[in-house]
Novice: 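Attaching a single structure in structure tokens format; questions to follow.
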Amino acid sequence: MSRQSTRIDLEKARRIQMFIAKKVLEEDDFDAPIKYVGGVDVAFKSKYSIGAVVVLDFEKLNVLERKFYVSEVNVPYIPTYLAFREIRVMVGAIRKLSIKPEIFLVDAHGKCHPRRAGEATHLGVLLNVPTIGVAKSYLTGRERADGFIVDDNEVLGYRLKPNVYVSIGHKVSLQTAIEIVKKLTVNEIPEPTRQAHIYAKEVKDKLII
DNA sequence: GCGACAG
DNA sequence: ATCTTGTCGC
């Protein structure tokens with residue numbers, strides 16, 4: 001017997017996200033000054049997902065280490081439940097790192113999520129590491145004239161550029177997260193996630209399936 | 001019921 | 001995200 005997708009229990013997944021959201025620490029809790037920063041992304045090829053993580057020197061922005069982890073995926077993409085499809089390979093790749101970054105930038109929203117538990121937050125709470133969500137498009141909330149994304153009188157994130165949405169993941173304040181992302185930006189997309197994306201595609205293209 | 005919807 | 005050819009521009 002075969003199945004293309006294992007449908008997840010959305011009710012259960014929603015409860016997990018609500019639990020994750022309660023665990024989030026919205027204050028800076030990492031060693032400063034930051035020396036190493038991680039970037040995380042995921043690519044797909046046929047029925048496999050490739051988690052990729054890179055570690056950059058926070059000041060020089062050069063890549064110091066790169067790791068990947070491949071796994072079969074059966075979970076479909078369902079808006080607001082992205083983490084249940086991608087987080088496994090993200091964790092797999094991060095566990096292979098020898099350098100431990102003070103903080104990670106994740107290619108997805110964090111708190112800027114209907115239940116305040118986007119993938120960046122999910123990953124941070126799960127691994128108990130500081131994370132920042134860096135998404136490339138809109139998911140939820142209303143954009144104020146000053147660029148902040150709000151919902152129910154709560155600030156969820158900030159639109160730094162047309163295609164760069166910043167929100168906290170875990171163990172960092174939004175203000176600090178924005179400062180960090182700005183400092184890591186030389187191109188349109190901040191270096192950590194940009195490099196992670198490049199590496200994910202590199203691995204994907206070399207992958208023989 | 002309708003529209004919106006990260007990667 | 002992935003599938004894809006040619007095409008525009010620095």
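The sequence lines fix the lettering, A, B, ..., with proteins before strands; numbering per chain opens at 1. All values below come from the heavy atoms of this structure, side chains included, with hydrogens, waters and symmetry mates left out. From a predicted model like this one, the values you see are computed outputs, not experimental measurements.
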Novice: Rounding to an integer number of Å, can you tell me how far Phe84(A) CZ sits from dA1(C) P?
Specialist: 21 Å
Novice: Anything below 3.5 Å on both distances counts as a pair; with that, list the stems of at least three consecutive Watson-Crick or G-U pairs involving DNA chain C.
Specialist: none
Novice: Can you name the nearest heavy-atom pair linking Lys35(A) to Glu102(A), along with the distance?
Specialist: N-OE1, 3.2 Å
Novice: Can you get from Phe148(A) to Tyr165(A) by hopping between Ile, Leu, Val, Met, Phe, Trp and Tyr side chains that sit under 4.5 Å apart?
Specialist: no
Novice: Among Val37(A), Val55(A), Val53(A), which residue satisfies the side chain to side chain contact (heavy atoms under 4.5 Å, CB included) criterion with Phe104(A)?
Specialist: Val53(A)
Novice: What is the first contacted nucleotide of DNA chain B and what is the last, in 5' to 3' order, if contact means an atom lying under 4.0 angstrom from a heavy atom of chain A?
Specialist: dC5(B) to dG7(B)
Novice: Find out whether Phe58(A) and Ile180(A) are in side-chain contact, i.e. whether some heavy atom of one side chain is under 4.5 Å from a heavy atom of the other.
Specialist: yes
Novice: So what does Ala43(A) touch, heavy atoms closer than 4.0 Å: a base, only the sugar-phosphate, or nothing?
Specialist: sugar-phosphate
Novice: Has Arg88(A) got its NZ or CZ under 6.0 Å from the middle of the six-membered ring of Tyr69(A), at an angle within 45 degrees of the ring axis?
Specialist: no
Novice: Please name the pair of heavy atoms, one in Leu139(A) and one in Cys112(A), separated by the smallest distance, quoted to 0.1 Å.
Specialist: CD2-O, 3.7 Å
Novice: Sugar-phosphate means primed atoms, P, OP1 and OP2; the rest is base. With that split, encode nucleotides 4-10 of chain C 5' to 3' as B, S or - using protein heavy atoms under 4.0 Å.
Specialist: -------
Novice: Using a 4.0 Å heavy-atom cut-off across all strands, classify Tyr77(A) as base, sugar-phosphate, or nothing.
Specialist: base
Novice: Taking all atoms of both residues into account, what is the closest heavy-atom pair of Glu119(A) and Ile87(A), and its distance?
Specialist: OE2-N, 3.6 Å
Novice: If every non-hydrogen atom of Val24(A) is compared with every non-hydrogen atom of His170(A), which pair is closest and at what distance?
Specialist: CA-ND1, 3.6 Å
Novice: Within the structure provided, determine whether Lys23(A) and Thr121(A) are in side-chain contact (heavy-atom separation under 4.5 Å).
Specialist: no
Novice: Provide, to the nearest angstrom, the distance between the OH atom belonging to Tyr48(A) and the P atom belonging to dT2(C).
Specialist: 16 Å
Novice: Which of residues 132-142 of chain A have a heavy atom under 4.0 Å from DNA chain B?
Specialist: Ala135(A), Lys136(A), Ser137(A), Tyr138(A), Leu139(A)
Novice: Please examine the side chains of Asp151(A) and Arg116(A), heavy atoms only from C-beta on, and report whether any two atoms are closer than 4.5 Å.
Specialist: yes
Novice: Dot-bracket for DNA chain B, 5' to 3', with Watson-Crick and G-U pairs under 3.5 Å, [ ] for crossing pairs and | for other-strand pairs: what is it?
Specialist: .......
Novice: What residue pairs, at least two apart or across chains, pass salt bridge (Lys or Arg N to Asp or Glu O under 4.0 Å) with a residue in residues 132-141 of chain A?
Specialist: Asp107(A)-Lys136(A)
Novice: Ignoring backbone atoms, establish whether Lys204(A) has a side-chain N or O less than 4.0 Å from OP1 or OP2 of dT2(C).
Specialist: yes
Novice: Parallel, tilted or perpendicular, judged at 30° and 60°: which one describes the rings of His122(A) and Phe84(A)?
Specialist: perpendicular
Novice: Quick one, Ser46(A) and Phe44(A) - any side-chain contact, counting heavy atoms below 4.5 Å?
Specialist: no
Novice: Can you tell me the distance, in whole Å, between the NZ atom of Lys47(A) and the C1' atom of dT2(C)?
Specialist: 17 Å
Novice: Quick one: do Glu86(A) and Ser49(A) satisfy side chain to side chain donor-acceptor pair (under 3.5 Å)? Show the steps, please.
Specialist: CA-CA 8 Å; Glu86(A) 301 187 337; Ser49(A) 59; over 6 Å; no
Novice: With a non-hydrogen cut-off below 4.0 angstrom, is His197(A) in contact with a base, only sugar-phosphate, or nothing?
Specialist: sugar-phosphate
Novice: Is there a side-chain contact between Lys171(A) and Val129(A), using heavy atoms and a 4.5 Å cut-off?
Specialist: no
Novice: Any side-chain heavy-atom pair from Leu97(A) and Tyr36(A) closer than 4.5 angstrom?
Specialist: no
